[in-house]
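In what follows, a structure is listed as structure tokens, so that the remarks can point back to it.
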Amino acid sequence: MKGATVVDVERCKGCGLCVVACPLNVLALTTKQVNQKGYNYAETVLEDTCTGCTSCAVVCPDGCITVYRKKEE
Amino acid sequence: MAEKEVTLMKGNEAIAHAAIRCGCDGYFGYPITPQSEVLETLAAEKPWETTGMVVLQAESEVASINMVYGGAASGKKVMTSSSSPGISLMQEGISYMAGAELPALIVNVSRGGPGLGTIQPSQADYFQTVKGGGHGDYRLITLAPASVQEMADFVDLAFELAFKYRNPAMILSDGAIGQMMEKVVLPPFKPRRTEEEIAKQCPWATTGRIGMRKPNIITSLELRSEEMEQNNLRIQAKYRECEKNEVRYEEYKCEDAEYLIVAFGSAARIAKKVIAIAREEGLKVGLLRPITLWPFPTKKIGELGRKMKGILSLEINAGQMVEDVRAAVEYSVPVRWYGRLGGIIPEPEEVVNELKKMTL
Amino acid sequence: MTKEEIIRPENLVYRKPELLNDVPMHYCPGCSHGVVHKLVSEVIAEMGMADKTIAISPVGCAVFAYKYIDVDWQEAAHGRAPALASAVKRLWPDRLVFTYQGDGDLACIGTAETIHALNRGENITIIFINNAIYGMTGGQMAPTTLIGMKTVTCPYGRDPKLHGYPLKMADIAAQLEGTCYVTRQSVQNVASILKAKKAIRKAFEYSMKGLGSNLVEIVSTCNTNWRMSPEKANKWMEENMVPFYPLGDIKDKGKEL
């Protein structure tokens, strides 16, 4: 299984709950970049590790994360 | 009950029967003297088995008026009734309904206050009804019946005005008219509106997104001051329109009158007797009876009043409408008030004596 | 496999629910409201009730719920949502009618309306967000504030001698004949969120089956007014709120029927 997440950066408020929820530490909050509202936002830091389990998206209070999953051939 | 049949009933009962007949969708109320017969009559009539009208005894007047808010917000023709202390409790909901522009009917069969006061009739809720009552800049369309027949007739009229202006309307009655029995011809049966008719008449209503239309939202909240001012201006424009179109009154023996009584509801009935006695004694007195207390017949009283030697505002309260009468004639004519308090109804003779004092 | 190969419509497994629109929610970062909004949106869509839902929003943080979830909404006066819902459901029996209320709205100023709507067995659902504090007005003591918990109106901690005791509304609701389903859930992690969603679905279904009134309490956080990070607030909630407000179904009359 192989997954990918897409974060709606402008909708993200940087609460960090997705970072905590990810069992594989795929996500992290930016430390330098901020979005237009001034929040550090979630981004994928370990792209190859994501399994598309959706944990990050499920806990996201603002519905910022879209998740895709594909069976590896 | 056959249509056009003359029957004998209490004013409160007439309200209930008229509600069923005019296609009312729901009544939500709480017992309080002297209006409990409205709910009692509805409970006995069981309209939910005939027209499908919902009747619910709520846990308080606060709940009743908020049930009315919910029903009105969904486009339904809904009403409540109560008496003065209960109407005080409803003021929050009434203000919210005016703010959210919701049509509904509230019947106040008023009694003497302040506080728990008395269960006897009074007109002391005039200020509360026509000057606001709740918070914010709003008005209540107010009809003042003077007979059991008008109690019956004004239910449909109040709903019509409420829906026309998307604003709550009140029937301001009192314990005398609520409790007294008179002959009445009930209005003809009108079916309740169908879902399609509601959607057409009230495209703003929260009925569920029929056909997945854009969501409808009913709220009185707007945190942006500029937008809130616009909301207020829109509502005020509606009120000016209502003042232009909906003033209703009755003129009685005013053609040759030198003195004018202004009185509404029960007091207007007394005034007619007063006029009969006064005219026998050679005093030319007429009556102007405001039927709509808001919008008030300011213009009519101004025109008519200026021709008079004096005006008596006859009210079963400590002098409330008299302020509007004085303003209507712009203080150009002597205007006096006479009334009794605490649930006492003035006797015609004492009013005649007051009139005589004006001629001195 | 590249990321581009994975990000294709056929591989989509999770996205913001369709009924939750794109208007940015005013809730603070990490607020439980957002999660519950998502669950409510998902359940309405999954039940195919988007065109038949009439929702009632409260006064408090969730006052603007109507801006975010694309169904018809009525905004109620403080505490009165169950009265509105009672009337709406009776007038529109085939509609899905629910209220969404916080602890101040439901358990304080609206206690009478809440208890009586539940006890009449109105076929509605009340979603009750209990974060033990007034959020919108700036962190004042709520009827559900825990003993010893500090708020701006009990800055030295809630003292029963001064402030009385926290109110367990779900336990009261479960005692009422009119309630069908009373449950206490939370939304701090994936497992609890999935359970909460099932509870909301069950409550909505019972209400449509006419089995009586339903209360879904969500033990929540208010990290801003609790003065904690979202992560810490979730932990604090588990350690302090849950022992006093235990999770799980308290009453499920629908199961017996």
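We name chains A, B, ... by the order of the sequence lines, and we start the count at 1 in each one.
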**Study point:** Toward chain A, the part of C/I193 with a non-hydrogen atom under 4.5 Å
**Key:** side chain
Check your understanding: Do the non-hydrogen side-chain atoms of C/R227 and C/K150 ever get within less than 4.5 Å of each other?
Key -> no
**Study point:** Heavy-atom closest pair, residues A/R69 and A/T51
**Key:** CD-O, 3.3 Å
Point to revise | Contact origin within A/T5 toward chain C - heavy atom pairs under 4.5 Å | key: backbone
Practice item. For the pair C/N11 (side chain) and A/Y68 (backbone), establish whether a donor and an acceptor sit closer than 3.5 Å, ignoring hydrogens and angles. Key: no
Exercise for review: Heavy-atom distances under 4.5 Å only: say whether C/N234 touches chain A with side chain, backbone, both or neither.
Suggested key: side chain
Review point. Based on non-hydrogen pairs under 4.5 Å, which of A/V58, A/D48, A/T66, A/D62 is most in contact with chain C?
Key: A/V58
Check your understanding: For A/C60, is it the side chain, the backbone, both or neither that has a heavy atom under 4.5 Å from a heavy atom of chain C?
Key -> both
Practice item. Using salt bridge (charged side-chain N to carboxylate O under 4.0 Å, His left out) as the criterion, list what pairs up with C/D103, not counting sequence neighbours. Key: none
Review point. Quick one: what part of C/E5 sits under 4.5 Å from any heavy atom of chain A, side chain, backbone, both or neither?
Key: backbone
Point to revise | Contact residues of residues 21-46 of chain C (partner chain A; heavy-atom separation under 4.5 angstrom) | key: C/N21, C/D22, C/V23, C/P24, C/M25, C/H26, C/Y27, C/C28, C/P29, C/G30, C/C31, C/G34, C/V35, C/K38
Check your understanding: Would C/I54 and C/Q74 satisfy side chain to side chain contact (heavy atoms under 4.5 Å, CB included), going step by step from the backbone distance to the final call?
Key -> CA-CA 8 Å; C/I54 305 170; C/Q74 305 180 357; 4.1 Å; yes
Review point. Is there side-chain contact between C/F128 and C/T144, with heavy atoms separated by less than 4.5 Å?
Key: yes
Revision key, fill the gap. Applying a strict 4.5 Å limit to non-hydrogen atoms, the region of A/V19 in contact with chain C is neither
Check your understanding: For C/Q185 and C/T183, does a side-chain donor sit closer than 3.5 Å to a side-chain acceptor?
Key -> yes
Review point. Most heavy-atom pairs under 4.5 angstrom with chain A, which of C/E10, C/K3, C/R8, C/K197?
Key: C/K3
Point to revise | Interchain contact, A/V20 with chain C, by part (heavy-atom threshold 4.5 Å) | key: side chain
**Study point:** Residues in side-chain contact (heavy atoms from CB on, under 4.5 Å) contact with A/T31, at least two apart in sequence or another chain
**Key:** none
**Study point:** Close side-chain approach of A/L27 to A/T44, heavy-atom, < 4.5 Å
**Key:** yes
Exercise for review: Pick one of side chain, backbone, both or neither for C/L20, based on which atoms fall under 4.5 Å of a heavy atom in chain A.
Suggested key: side chain
Review point. In terms of heavy-atom proximity below 4.5 Å to chain C, should A/I65 be classed as side chain, backbone, both, or neither?
Key: backbone
**Study point:** Donor-acceptor under 3.5 Å (C/S57 side chain, C/Y66 main chain)
**Key:** no
Review point. What pairs with C/D252 under salt bridge (charged side-chain N to carboxylate O under 4.0 Å, His left out), at least two apart in sequence or on another chain?
Key: C/K202
